[in-house]
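For ligands, and for the atoms within them, numbers begin at 1 and follow the listed sequence. Fair warning: this is a prediction, and the values are worked out from it, not measured in the lab.
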Amino acid sequence: MKKESICLHGGYKPKTGEANVIPIYQSTTYAYDTPEEMAHLFDVPKDGHIYTRISNPTTAAFEEKLALLEGGVASMMTSSGQAATLVTVLTVASAGDNIIAFPTLYGGTFNLLKVTLAKMGIECRFIKPGMTDKEIEGLIDDRTKLMFGETVANPAMVVFDFDRYSAICKKHGLLLAVDNTLATPVLVTPFKYGVNVVVHSTTKYLDGHAVAVGGMIVDGGNFEFRNNPRYTDFVTPDESYHGTVYVDEGGPAAFALKARMQYMRDIGVSPSPFNAFLANLGTETLHLRMKQHSANALEIAKKLKANPHVSWVRYCGLEDDPNYPLAKKYFEGGFGGMVCFGVKGGRAKAADFIRNLKMIRQLTHIADSRTCVLHPASTTHRQLSDKELIDCGISEDFIRLSVGLENAEDIYADIEQSLAK
Ligand SMILES: *Cc1c(COP(=O)(O)O)cnc(C)c1O
């Protein structure tokens with residue numbers, strides 16, 4: 001099936017007489033007749049469900065849909081996008097290890113990697129803008145377990161150079177994980193370009209209606225953990241899970257199996273089945289929505305460029321945008337809904353712009369069907385120093401605009417009247 005059809009049919013096919021739509025299995029537990037059946041599931045968890053912290057039928061249907069959309073072999077939903085990133089890191093790294101990431105990452109991810117992981121003894125080494133391949137390779141040592149990037153870094157709108165970074169990771173036998181939240185699998189398929197693990201905040205475009213926080217980890221099944229000294233715990237028995245060897249038991253889905261059976265089991269960042277149902281429902285129309293988000297955003301970006309009150313515009317779909325060459329290479333069928341721009345007059349005028357909007361809402365959210373705005377310097381990124389702000393690609397006048405599905409003329413009319421004020 002193509003992506004449009006997967007959005008609607010992926011992950012669930014009713015048998016005769018069963019519900020047309022995946023039911024909400026709002027149950028913590030699953031009953032079995034014999035001890036042998038239950039024992040079998042402890043050995044081979046993919047054959048059924050035991051306890052909703054570990055898996056659930058509604059959630060599993062959505063997980064399978066995402067694995068199909070991304071072209072991966074397995075996936076695991078988490079209670080939030082933050083949890084998906086945390087579990088991804090913990091599946092490969094423990095105290096004393098390090099990972100490599102980009103300072104332009106989403107603010108929540110940046111803080112998780114820089115501050116909270118450090119408290120757990122995992123160091124995050126950041127790739128500074130302008131570093132050469134050699135300098136990046138200089139960050140990698142024996143204890144480096146992961147490179148983490150974002151397809152489009154929010155809010156700086158930097159497009160990930162998949163070919164460049166996956167070549168570095170391949171050379172060093174290093175796992176590459178990418179947050180594909182803002183592009184979604186409808187516009188970009190990271191596994192095609194050498195990525196090994198994809199994470200999502202399903203809270204954003206997948207849900208699309210701002211109703212359920214959630215995350216997803218998708219395993220590309222394309223990483224060789226055998227004969228790689230970085231990942232010995234994938235090939236040695238896990239005594240905490242009755243001696244399972246993840247590459248033997250999980251095959252190509254070894255990463256997803258370890259993420260679920262070690263970290264979801266122990267940390268319990270599991271989604272509610274109801275939230276899985278909502279995110280799955282949203283994803284049914286993802287293909288349609290991404291087309292319209294992209295068309296509206298391109299139109300708004302062009303108009304903003306011509307507006308005398310705007311000092312600069314960043315949208316990777318504009319042909320003169322510095323990220324356009326990369327976006328053109330990796331995006332298919334549109335460039336997404338995120339547009340950033342600067343309001344002439346700096347911090348105070350940027351705040352006034354938000355104050356004077358009528359239809360467009362100020363929200364700590366993006367990728368909703370309704371257009372929303374935020375001024376990162378005074379909200380999501382307020383904990384950062386001025387220097388860190390600049391490293392993240394954010395200036396004082398920076399407005400993050402998530403273009404929704406309203407009529408594009410209505411969206412621009414609201415922006416225009418506020419800028420004029
Ligand atoms: C929102 C977001 C996250 C965090 O996801 P939550 O669901 O809010 O925990 C991670 N990455 C990106 C790109 C996001 O936009």
Do Tyr330 and Phe162 have ring centres separated by under 6.0 Å? yes
Does ligand 1 have any N/O atom under 3.5 Å from a protein N/O, and what are those pairs and their distances?
{"from": "ligand 1", "atom 1": "5 (O)", "to": "Ser201", "atom 2": "OG", "distance (Å)": "3.0"}
{"from": "ligand 1", "atom 1": "7 (O)", "to": "Gly81", "atom 2": "N", "distance (Å)": "2.9"}
{"from": "ligand 1", "atom 1": "7 (O)", "to": "Ser201", "atom 2": "OG", "distance (Å)": "2.8"}
{"from": "ligand 1", "atom 1": "7 (O)", "to": "Thr203", "atom 2": "OG1", "distance (Å)": "2.6"}
{"from": "ligand 1", "atom 1": "9 (O)", "to": "Gly81", "atom 2": "N", "distance (Å)": "3.0"}
{"from": "ligand 1", "atom 1": "9 (O)", "to": "Gln82", "atom 2": "N", "distance (Å)": "2.9"}
{"from": "ligand 1", "atom 1": "11 (N)", "to": "Asp179", "atom 2": "OD2", "distance (Å)": "2.6"}
{"from": "ligand 1", "atom 1": "15 (O)", "to": "Lys204", "atom 2": "NZ", "distance (Å)": "2.6"}

Would you say the side chains of Thr189 and Lys3 form a donor-acceptor pair under 3.5 Å? yes
Less than 4.0 Å between a side-chain N and a carboxylate O, is that true for Asp238 and Lys258? no
Among side-chain atoms of Tyr30 and Asn56, is any donor-acceptor pair under 3.5 angstrom? yes
Can you see whether Thr85 engages Gln82 through a side-chain donor-acceptor pair at a distance of less than 3.5 angstrom? no
Do Tyr241 and Asp266 have side-chain atoms, one donor and one acceptor, less than 3.5 Å apart? no
